[in-house]
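A short worksheet on the structure shown next.
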Amino acid sequence: AQSVTQLGSHVSVSEGALVLLRCNYSSSVPPYLFWYVQYPNQGLQLLLKYTTGATLVKGINGFEAEFKKSETSFHLTKPSAHMSDAAEYFCAVRRGGGGSQGNLIFGKGTKLSVKP
Amino acid sequence: DAEITQSPRHKITETGRQVTLACHQTWNHNNMFWYRQDLGHGLRLIHYSYGVQDTNKGEVSDGYSVSRSNTEDLPLTLESAASSQTSVYFCASSVQGALTDTQYFGPGTRLTVL
């Protein structure tokens, strides 16, 4: 069965500092992995996704994530935080196998705060 | 532009009442999903549909039902609202048949059950 663990429900960084949001997964099939962002009072939107191929995935707004199979991780990074990055971030893995293979399993989310 | 909309955006109801939340998408996606979002739980899947007349239960389906009579709409019904169903509800859609495809989310409905 697939599952996702996001380490840290809250992360606070200073503007201009590195952003690192951690995600570990478990999957019995080759994983398809996603990061979504949720701004206050809005729905989720896709930041980036890993399917196959290059393990370093670049997304919108300067974010990127690296798929590390040996560590079962898909951590999200951004070199320099901006105030507009303050939001909640969700890691998700595609459920594999059977009739529910189109579904996503979400982590509990990490709320990112950016201090001026 | 194609989009996914939810209505109402906010709803207050009383325990025991039937409530229906609407979801409408104009992308012609076959897959549609309903999630609830609660503090400390992230998003949990309530029901999903892979096409017209197809509906399936998710991990937290008790007390909820859906029906899919056309491609564009997947209404979510709370048969007899309970305080435990106070939550923010999100609808999403995606293209059929693509495991790697993106789910597109609506803006959410905040439901309060008193």
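Remember, predicted model here, so these are calculated numbers, not experimental data. Below, read A as the first sequence line, B as the second, and so on, with proteins coming before strands; counting in each chain starts at 1.
- B/Gln37 approaches A/Glu88 most closely through the heavy-atom pair NE2-OE1, 4.3 Å.
- Taken together through direct or relayed side-chain contacts under 4.5 Å among Ile, Leu, Val, Met, Phe, Trp and Tyr, A/Ile60 and A/Val57 form part of one hydrophobic cluster.
- With contacts defined as side-chain heavy-atom distances shorter than 4.5 Å, the pair A/Gln38/B/Phe90 qualifies.
- Contacts of A/Ser9 classified as side chain to side chain contact (heavy atoms under 4.5 Å, CB included), with partners at least two apart in sequence or in another chain: none.
- Cluster annotation: A/Tyr32 is connected to A/Phe106 through the hydrophobic network of ILVMFWY side chains, with a link wherever side-chain heavy atoms come within less than 4.5 Å.
- Residues A/Phe74 and A/Val11 fall within the same hydrophobic cluster, defined by Ile, Leu, Val, Met, Phe, Trp and Tyr side chains chained together at heavy-atom separations under 4.5 Å.
- Residues that satisfy the salt bridge (charged side-chain N to carboxylate O under 4.0 Å, His left out) test with A/Lys78, not counting sequence neighbours, are A/Asp85.
- Looking only at distances, a side-chain donor or acceptor of A/Tyr36 sits under 3.5 Å from a matching main-chain atom of B/Gln103.
- With values rounded to the nearest 0.5 angstrom, B/Arg9 atom CZ is found 8.0 Å from A/Asn41 atom CG.
- Using a 4.5 Å cut-off between heavy atoms, A/Leu46 contacts chain B through its side chain alone, with no backbone atom that close.
- Rounded to the nearest 0.5 angstrom, B/Thr102 OG1 and A/Leu47 CG are separated by 11.0 Å.
- Taking 4.5 Å as the limit, some side-chain heavy atom of A/Leu44 sits within range of a side-chain heavy atom of B/Leu43.
- Put simply, A/Tyr39 and A/Met83 are part of the same group of oily side chains (I, L, V, M, F, W, Y) that touch within less than 4.5 Å, one to the next.
- In this structure the side chain of A/Leu104 reaches within 4.5 angstrom of the side chain of B/Tyr35, judged on heavy atoms.
- Summarising the geometry, atom CG belonging to A/Asn103 is positioned 5.0 Å from atom CZ belonging to B/Phe33; distances are rounded to the nearest 0.5 Å.
- Hydrophobic clustering of Ile, Leu, Val, Met, Phe, Trp and Tyr side chains at less than 4.5 Å, counting indirect connections, keeps B/Met32 apart from B/Tyr50.
- At a 4.5 Å heavy-atom cutoff, B/Arg44 makes no contact with chain A through either its backbone or its side chain.
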